[in-house]
Amino acid sequence: MSILKETLGATKNNETVTKYTLENQNGVKVSLLDLGAVITHIIVPDRDGVFEDIVLGYDTVPGFEENKPAFGAVIGRVANRIANACFELNGKKYTLDQNDATNCLHGGLFRYEHCMYQAECSEEENACSVSFTRLSKDMEQGFPGNVTITVTYTLNDANELMLEYYAVSDEDTVINLTNHCYFNIGKGGHKCKDVYGQNLQIFADHYTPISDILVPTGEIRPVDGTALDFRTPHKIGSRIGEAAPDDSTVAGYDNNFVLNEKEEGEVAKAVIYSDDTTGRILEVFTDFPALQVYASVGLDVDGGKEGMHYGEGSGICFETQNYPNAVNMPEFPSAVLKAGEEYSRVAIFRFDVME
């Protein structure tokens, strides 16, 4: 196991951006930045031993400074949508940015992917880690409480990338952290045209229907009979153009799945994502209660890695999370973090190949 540390460049504010590359004994590499705590590269083999980079992103600091699609970024303080960009906590109303119709999406206009983190490296015999920490100050993005956030990325020799989210606040607040990595495990990796011919299985019997502005209605419905039924694996593109007649699902996939019930704190399998051509497999495990699957609906980005244009369907996100708008929906799992209590969640991405 090893960690290579190198300077990628500087931000507009003249902050030095450092790239950390973790490599295991199998040649799998994961690269990270202290800007946005982003995942910039994940390099894994196919069934023939060909190593390719399977995540979308940029080659330069200016690309990641802008990063409108949030390629590879940590999302907070509250990922996904908050309806009407407001919520109440302890009898007080908090108003946020409306950056998605009337919603607040991924924290608003000032987002975590634009922030610098303090990094700390750790190397062990069978695993290596980088921990990124920052202080989200009271009323940053409109949320109460000074919150210290740490995201630790660990790569081990079992070809697992573990993401551990930790936070503590000095006031009651709300929180929902995730990572917004766009994967494409097809031939060419991130240069593969789209993910539509790849296979997906999601361990979720239910989903949260949405309104016309993409926030949950509060109902929880079975996936049976909808395009969101991935209980058995099938091609991502086979039903991608289908939306429910009542628009409770998105044609193209930008939906929240309710992961099958598990014990609190249990890390269970959520996703199997595979490609028949390359033989690559990505399995996702998590203790989060839900998963947003986003198949790059409307993505249109020039200037990606190696000069790539990333269009619709170029990648797919598996955003382990709490339910969207949970802070306004008492029937959903609570998004409240009490003062002094610890927020701790995990997601694991396991890479393999078909035999």
- Query: For Phe87, what residues pass the ring pair (Phe, Tyr, Trp, His ring centres under 6.0 Å) criterion, not counting sequence neighbours?
  - Reply: Tyr94, Phe143
- Task: Kindly give the heavy-atom pair with the smallest separation between Val353 and Pro45, and that separation in Å.
- Result: CG1-O, 3.5 Å
- Within the side chain of Asp97, is there an N or O that forms a donor-acceptor pair under 3.5 Å with the backbone of Leu109? yes
- Give a yes-or-no answer on whether the side chains of Ser122 and Ser129 include a donor-acceptor pair shorter than 3.5 Å. no
- Taking 4.0 angstrom as the limit, do Glu88 and Lys93 come out as a salt bridge? no
- Determine, using the 4.5 Å side-chain heavy-atom cutoff (strictly less than), whether Val30 and Leu282 are members of one ILVMFWY cluster. yes
- Query: So, does Asn126 use its side chain to make a donor-acceptor pair with the main chain of Asn156 at under 3.5 Å?
  - Reply: no
- Name of the residue among Tyr207, Phe288, Phe332 meeting ring-ring contact (aromatic ring centres under 6.0 Å, His included) with Tyr323: Phe332
- Message: Quick one, Leu33 with Thr18, criterion side chain to side chain contact (heavy atoms under 4.5 Å, CB included). Give me CA distance, side-chain angles, the key distance, then yes/no.
- Response: CA-CA 6 Å; Leu33 298 184; Thr18 302; over 6 Å; no
- Message: One pair to check against salt bridge (charged side-chain N to carboxylate O under 4.0 Å, His left out): Arg77 and Glu140. What are the steps and the verdict?
- Response: CA-CA 9 Å; Arg77 183 176 306 184; Glu140 181 180 83; 5.0 Å; no
- Taking the side chain from Asn103 and the backbone from Asp100, do they hold a donor-acceptor pair closer than 3.5 Å? yes
- Message: To check you understand the geometry: which heavy-atom pair defines the closest contact between Ala204 and Leu259, and what is its length?
- Response: CB-CA, 4.2 Å
- Query: Do Thr21 and Ser31 have a side chain donor and acceptor closer than 3.5 Å?
  - Reply: yes
- Side chains of Asn256 and Leu291 in contact at under 4.5 Å (non-hydrogen atoms): no
- Item | salt bridge (Lys or Arg N to Asp or Glu O under 4.0 Å) pairs, two or more places apart, involving residues 24-52 | Glu52-Arg280
- Is there a side-chain contact between Thr133 and Thr148 (heavy atoms, below 4.5 Å)? yes
- Under 4.5 Å between any side-chain heavy atoms of Val168 and Glu341, yes or no? no
- Query: Would you find more than 12 non-hydrogen atoms of other residues, nucleotides or ligands less than 6.0 Å from Glu242 atom CD?
  - Reply: yes
- Heavy-atom distance under 4.5 Å between the side chains of His309 and Asp300, does that happen here? yes
- Within the side chain of Tyr310, is there an N or O that forms a donor-acceptor pair under 3.5 Å with the backbone of Ser296? no
- Query: For Gln321, which of Asn80, Thr286, Thr178 qualifies under side chain to side chain donor-acceptor pair (under 3.5 Å)?
  - Reply: Asn80
- Taking all heavy atoms of Gly241 and all of Ala251, pick out the closest pair and write down the distance. O-CB, 3.5 Å
- Item | Side-chain heavy atoms of Glu283 within contact of Phe285, under 4.5 Å | yes
- Message: Closer than 3.5 angstrom, by distance alone: can the side chain of Tyr153 be matched with the main-chain N or O of Ala37 as a donor-acceptor pair?
- Response: yes
- Query: Judged by atom type as modelled, is there a donor-acceptor pair below 3.5 Å linking the side chain of Asn179 to the main-chain atoms of Phe318?
  - Reply: no
- Query: If you take all heavy atoms of Phe203 and Val271, which pair is closest and at what distance?
  - Reply: CD1-N, 3.9 Å
- Query: Is a donor on one side and an acceptor on the other found under 3.5 Å between the side chain of Asn99 and the backbone of Gly108?
  - Reply: yes
- Glu113 and Asn67 have their tightest heavy-atom pair at OE2-O, 4.0 Å
- Message: Testing the basics here: between Leu89 and Asp172, what is the closest heavy-atom pair and its distance to 0.1 Å?
- Response: CD2-O, 3.5 Å
- Message: What I want to check is whether the side chains of Asn255 and Thr249 have a donor and an acceptor closer together than 3.5 Å.
- Response: no
- For salt bridge (charged side-chain N to carboxylate O under 4.0 Å, His left out), just list the numbers for Glu312 and Lys193, CA-CA rounded to whole Å, side-chain angles, deciding distance to a tenth of an Å, and then say yes or no. CA-CA 9 Å; Glu312 192 156 313; Lys193 180 182 177 183; over 6 Å; no
- Please tell me if the side chains of Lys92 and Asn90 come closer than 4.5 Å, counting only heavy atoms from C-beta onward. no
- Item | Distance-only side-chain donor-acceptor flag, Asp275 / Asn199, under 3.5 Å | no
- Query: Any side-chain heavy-atom pair from His190 and Met308 closer than 4.5 angstrom?
  - Reply: yes
- Query: Taking the side chain from Gln141 and the backbone from Phe110, do they hold a donor-acceptor pair closer than 3.5 Å?
  - Reply: yes
- If you measure from the Lys or Arg side-chain nitrogens to the Asp or Glu carboxylate oxygens, is any gap between Lys338 and Glu171 under 4.0 Å? no
- Assess whether atom CD of Glu6 is packed by more than 12 heavy atoms of other residues, nucleotides or ligands within 6.0 Å. yes
- Message: Tell me whether Lys137 contacts the main-chain N or O of Val147 through its side chain, where contact means a donor paired with an acceptor under 3.5 Å.
- Response: no
- Above 12 or not: heavy atoms from other molecules or residues under 6.0 Å from CD of Glu261? no
- Would you tell me whether Ser248 and Asp246 have side-chain atoms, one donor and one acceptor, within less than 3.5 Å of each other? yes
- Let me see the working for Phe183 and Phe349 under ring pair (Phe, Tyr, Trp, His ring centres under 6.0 Å), right down to the final yes or no. CA-CA 11 Å; Phe183 295 95; Phe349 299 95; 5.4 Å; yes
- Query: What pairs with His106 under ring pair (Phe, Tyr, Trp, His ring centres under 6.0 Å), at least two apart in sequence or on another chain?
  - Reply: His180
- Message: Just checking Lys262: does its NZ atom have more than 12 heavy atoms from other residues, nucleotides or ligands closer to it than 6.0 angstrom?
- Response: yes
- Message: Under 3.5 Å, is there a donor on one side chain and an acceptor on the other for Asp170 and Asn146?
- Response: yes
- Message: Is it the case that over 12 heavy atoms from other parts of the model lie below 6.0 angstrom from the CD atom of Gln118?
- Response: no
- Query: Do Tyr273 and Gln198 have side-chain N/O donor and acceptor atoms under 3.5 Å apart?
  - Reply: yes
- Item | pair Thr152-Tyr166: side-chain heavy atoms closer than 4.5 Å | no
- Would you say the side-chain atoms of Asp224 pair up with the backbone N or O of Asp229, donor to acceptor, closer than 3.5 Å? no
- Say whether Gln98 and Thr102, considering side chains only, have a donor N or O and an acceptor N or O under 3.5 Å apart. no
- Between Arg345 and Tyr165, is NZ or CZ placed under 6.0 angstrom from the six-membered ring centre and within 45° of the ring axis? no
- Query: Any chance the rings of Phe71 and Tyr58 have centres within less than 6.0 Å?
  - Reply: yes
- Task: Please check if atom CD in Glu125 has more than 12 non-hydrogen atoms from other residues, nucleotides or ligands closer than 6.0 Å.
- Result: no
